[in-house]
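Have a look at the structure below before the remarks.
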Amino acid sequence: MTERAARLERPSVVIVVPAVLALAAGLWDLGGPPPWRDEAATVSAVGRTLPQLAHLLWSVDAVHGLYYALMHVVAGLSGTAEVALRIPSVVAGALAAAGTGAIGRALGAPRAGLYGGVLLALMPIFSRYVQEARPYALTAAVAVGVTLLFLRVLRSPTSAVLAAYAAALTVLAYLNLFALLVVGAHGIALMLSRGPLLRWACAATPALAAVAPLAWLGSRQSAQVGWIPRPAADDVGRLAVQLFGDLGGATGPGVAPPTWALAFFGLAYAAVVGVRRARAARRTEEPAEERAPEHAPERADGLGARAETPGHECAGTPAALVRLTLPWLLVPALVLLAASWTLHPVYVFRYVFCCVPAAALLAGAGLAALPPGLAAAVLTAWLGLSVPGQLATRGPDGRQDDPRPVMALLAAEAQPGDGVLFVPAKVRKYETVYPSVFGRLRDVALARSPERDGSFSGRQVGARVLAARLDGLRTLWVVGQTGKKVLPARRRALVARTFAPAGRWTFRGLFVDRYVLRHAHRSNGAGVGK
């Protein structure tokens, strides 16, 4: 092995380089992506008092309780500005990339870990979730940490290691309940490697028991996932693209095709190495009585295998990496898709985002199997293909909605005392993100604030109270999500009695309608509808 290759496989390089790249990518234009509706939910939740937050979790959003509690502390220290609330996700992304490199090294494949960590750090889909104030980057980091502990369970299943693994699984589930499906992937990997199944089960079972109360409470709040549609064929295709690094949108050829190719090459290389190793073992097999037990070679084909000499990968590590990463990559996604088709729709890509490190490791194994010069050239080309996706995820189309032009319009056109209606009511979450804009307007439909109501939408007034509140207004603004009705029929009739439409603006994911008094509309003629 050359001195340069040995330097690449040092523990500090394998772990630090992916972490630094992930940190740099996460911090790059961190305030650029607009805060979208789910980040508005984070701002709304973490700005509440602890009793109010507990009320919210008991009512509608228990599955995000641990994340909201952590971010409540962050908000208390640094405020609720979008950059401040996104920093924990950036740090989690760096830890996930570092942990990906550490997994490769733990399997005796440090170059695969290094390349996998670098690929993960620079994937556009990774930046997409690292640059938002939601729990998914943190979930990915914990999933990587749980997998490292799983490898420790295979090598040294002491009571302390088993307890740490059980605790980490519990934390993972409390960050994202569906991420607990990773434990099923671990079980399959363990059976494939013929590991200590009983001891692993003794660690996994207490974790499942600890998560049961959250699962029960989450089932009572199933309306939170009631909006999820049943997956279609194009959703499956988009899943294959997103798991391997792309955003799943129109950003050019992207990194998914070369990542697929590298992963398939890694699988093929592992198969070839396995066949060659089996043939070599048959040729060199010695009679059992001639081999002293104390000189028996250390098993090198298990998931916990390590290289005997630092910098030299044992022959069995490609197969060990495949046995770990394939179940991790496939099991959570396939289970959620199957449940969505047969029981109730629950599949959304962000729920399986924690599986992306597995795809990165598989592709990293493919890169590691190439000659160093060719691997560098392929990695350079891959980085070039990632640029359009990296720019897209930081642009105005990088999220489901873009509230900034809505706020610019209201700041420029709305007058203090104008009325505002939200369609649906949960769009009211943006009041906590942009208090300077909405603080000047009268929320005419609000009966009880979201904080008092233990919800994100608050309690709405009835038709009679709304009619009284509309009386005396000169201008009414309706802010809603695209794809929704402008107003429910009864409220639309109330508004139409007094107001005339005077303008409509549509933005990414959001719309704004302006209504003015009918007599003002007639007297003002061409002056409305700016």
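The model shown is predicted, which means the values in this text are computed figures rather than measured ones.
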Does [X] qualify as a cation-pi partner of [Y], given the criterion of NZ or CZ under 6.0 Å from the six-membered ring centre and within 45 degrees of its axis?
X: R134; Y: W36; answer: no
X: R504; Y: F511; answer: yes
X: R230; Y: W341; answer: no
X: K426; Y: F456; answer: no

(request) Classify the angle between the aromatic ring planes of W216 and W58 as parallel (below 30°), tilted (30 to 60°) or perpendicular (above 60°). (result) tilted
Establish, from distance only, whether the side-chain atoms of [X] and [Y] form a donor-acceptor pair under 3.5 Å.
X: Y174; Y: H64; value: no
X: W382; Y: T259; value: yes
X: S436; Y: R440; value: no
X: Q131; Y: R399; value: no
X: S127; Y: Q390; value: yes
X: W477; Y: D418; value: yes
X: D235; Y: Y347; value: no

(message) Nearest 0.5 angstrom please: L114 CG to I15 CD1, how far?
(response) 10.5 Å
(message) Quick one, Y115 and T100 - any side-chain contact, counting heavy atoms below 4.5 Å?
(response) no
(request) Evaluate whether atom CZ of R464 has more than 12 neighbouring non-hydrogen atoms of other residues, nucleotides or ligands under 6.0 angstrom away. (result) no
(message) Taking F438's backbone N and O only, do any of them form a donor-acceptor pair with E431's side chain (distance below 3.5 Å, no angle check)?
(response) no
(message) With side-chain contact (heavy atoms from CB on, under 4.5 Å) as the test, pick out the partner of V46 among L53, L70, V74, T80.
(response) T80
